[in-house]
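Here's the structure, in structure tokens; my notes come after.
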2 protein chains.
Amino acid sequence: MTDRVAGPRARPDDLTAKARIRREALHLFAEHGVGATSLRTIAASAGVTVGLIVHHYGTKEALCDAVELEVVDLFAEAIASVPVDDRPAADLVAARDVAVAEMLADNPAVVDYLRRAILHGGGDRKDLVSRLTELTAQQVRDLRTAGLASTRQTVGEQVVTIMVRQLGRLFLQPLVDRIAEEFDDLAGPSRPQLLVTLTR
Amino acid sequence: MTDRVAGPRARPDDLTAKARIRREALHLFAEHGVGATSLRTIAASAGVTVGLIVHHYGTKEALCDAVELEVVDLFAEAIASVPVDDRPAADLVAARDVAVAEMLADNPAVVDYLRRAILHGGGDRKDLVSRLTELTAQQVRDLRTAGLASTRQTVGEQVVTIMVRQLGRLFLQPLVDRIAEEFDDLAGPSRPQLLVTLTR
DNA sequence: ACACTTCCTATACAGTTGTACAGTCTTTTA
DNA sequence: TAAAAGACTGTACAACTGTATAGGAAGTGT
């Protein structure tokens, strides 16, 4: 985390106002999009005033950056949480996939936020996808220098494969669910599941 | 189309102001999202004043509805454009898939708009996904009563399959492209392609 | 006790938003 | 040609936007 260090008024169980602002921003951004979320809405949700948001983050864009940084941190933490003992490479990769999947399951807002961030994309700003790609690429490179990853594909190919595996289903499943909603016989656990693969 | 009938000032080759407004709205909504697009921006792009938008569409939400209706019409037209002669069912379905794919290739803004609309997801309003689902369901039912579609799956299953096949790749491909951008060796035509399938 | 830093509220401001409306053209109808 | 209808502009307005800033409250260090 970027600054979950206990500030002056931080109580042990509760969150700092600064952290609360960031958390509510994440949830509201995920639900309504950045453009459609005003600072006043965030302030109200976090139980503070607009001024405090400005005090802590300066501008709305800086707040967005902080939110994105927190999301990236969540990924990094999930990956770092699995130890790199001398197990086979396939095991390690699978364990990391599981850790990321669990993190995403615990933080549905992250999934929604990511979905939006992906297509909003582009522009000049160094954005979320770039950061996540960088994170994954570093992960792949580490595995390679440790002799744990195949070098028959390029790094790029491996990164794309990993990210699509991790994110692909999450992006498309809501569409499937939305459609399934409209048919009685598709309700329940027998709902169709997506399978996303890559060809070349 | 809903109202491409020639109005008073419609010139043969050009578009009515009303249609121009709708078209620019579609493009701007697709690029920046509905919430981040103001009526004044749309007016400027269409070369009219805000007042005219209000005059023709009343409210911004009504304009959104009109845009969505036009998108649905594009799908319906694409499907209706392939004749239903007595060819095998598989041929017909494939031809319709091609027609839809061509329509989407001709209207990239529709793809971008759809991507946004899908995840913005609904609330109370009868939204785009519902309408497209309805359209596809009708298509499936027609094929069934004509004895051209299998009845071994439920209608719902067939609808989901068709829509995911048609839309799935379009949604995920931008993510792949974005990631591929960051690696030199993934540029060009050999870019990885997605394959989206359904399991049950 | 003091100053000092940090957290936080309140208010203000210029710019933008969606909507409303009065009025002016232009076309159609009769 | 007169009148009715529709297309279109310009201006106005209340509500909301992000940002700025002055000042109070609460903590820490000396």
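Numbers restart at 1 for each chain; the letters A, B, ... are given by sequence-line order, proteins then strands. It should be emphasised that the depicted structure is a prediction, and the values quoted were computed from it without experimental measurement.
The closest side-chain donor-acceptor pair between Glu31(B) and Tyr113(B), if any, does not fall under 3.5 angstrom.
Nearer to the 5' terminus of DNA chain D, by closest-nucleotide assignment, is the contact made by Thr37(A) (compared with the other of Thr37(A) and Gly51(A)). Along DNA chain C, the nucleotide nearest Leu52(A) and the nucleotide nearest Ser38(B) are compared for position; the residue whose nucleotide lies closer to the 5' end is Leu52(A).
In this entry the distance linking NZ of Lys60(A) with C1' of dG15(C) reads 15 Å, nearest Å. Per the geometry, CD1 belonging to Ile53(B) stands 14 Å off P belonging to dG10(D), to the nearest Å. Between the P atom of dC7(C) and the NZ atom of Lys18(A) lies a distance of 7 Å, rounded to the nearest Å. Rounding to whole angstrom units, CG of residue Leu39(B) and P of dC16(D) are separated by 17 Å. Computed from coordinates, the Ile21(B) CD1 to dG18(C) P distance equals 14 Å when rounded to whole Å.
Gln139(B) pairs with exactly one of Arg96(B), Gln158(B), Glu134(B) by the side chain to side chain contact (heavy atoms under 4.5 Å, CB included) rule, that one being Arg96(B).
Within residues 40-50 of chain B, the residues that place at least one heavy atom under 4.0 Å from DNA chain D are, in residue-number order, Arg40(B), Val48(B), Thr49(B).
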Margin query: Would Thr41(B) and Ser38(B) count as a side chain to side chain donor-acceptor pair (under 3.5 Å) here? Give the steps.
Written below: CA-CA 5 Å; Thr41(B) 308; Ser38(B) 72; 2.8 Å; yes
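Listed by first and then second residue, the salt bridge (Lys or Arg N to Asp or Glu O under 4.0 Å) pairs involving residues 138-159 of chain B are Glu157(B)-Arg200(B) (not counting sequence neighbours).
For the pair Ser45(B)/Ile42(B), no side-chain contact is recorded, criterion being any heavy-atom separation below 4.5 Å from C-beta on.
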For a quick test of your reading: what N or O donor-acceptor pairs under 3.5 Å do the side chains of residues 100-110 of chain B make, sequence neighbours left out?
unit_1	atom_1	unit_2	atom_2	d
Asn107(B)	ND2	Met103(B)	O	2.8

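Between His55(A) and dT21(D) there is no side-chain polar atom (N or O) within less than 4.0 angstrom of OP1 or OP2.
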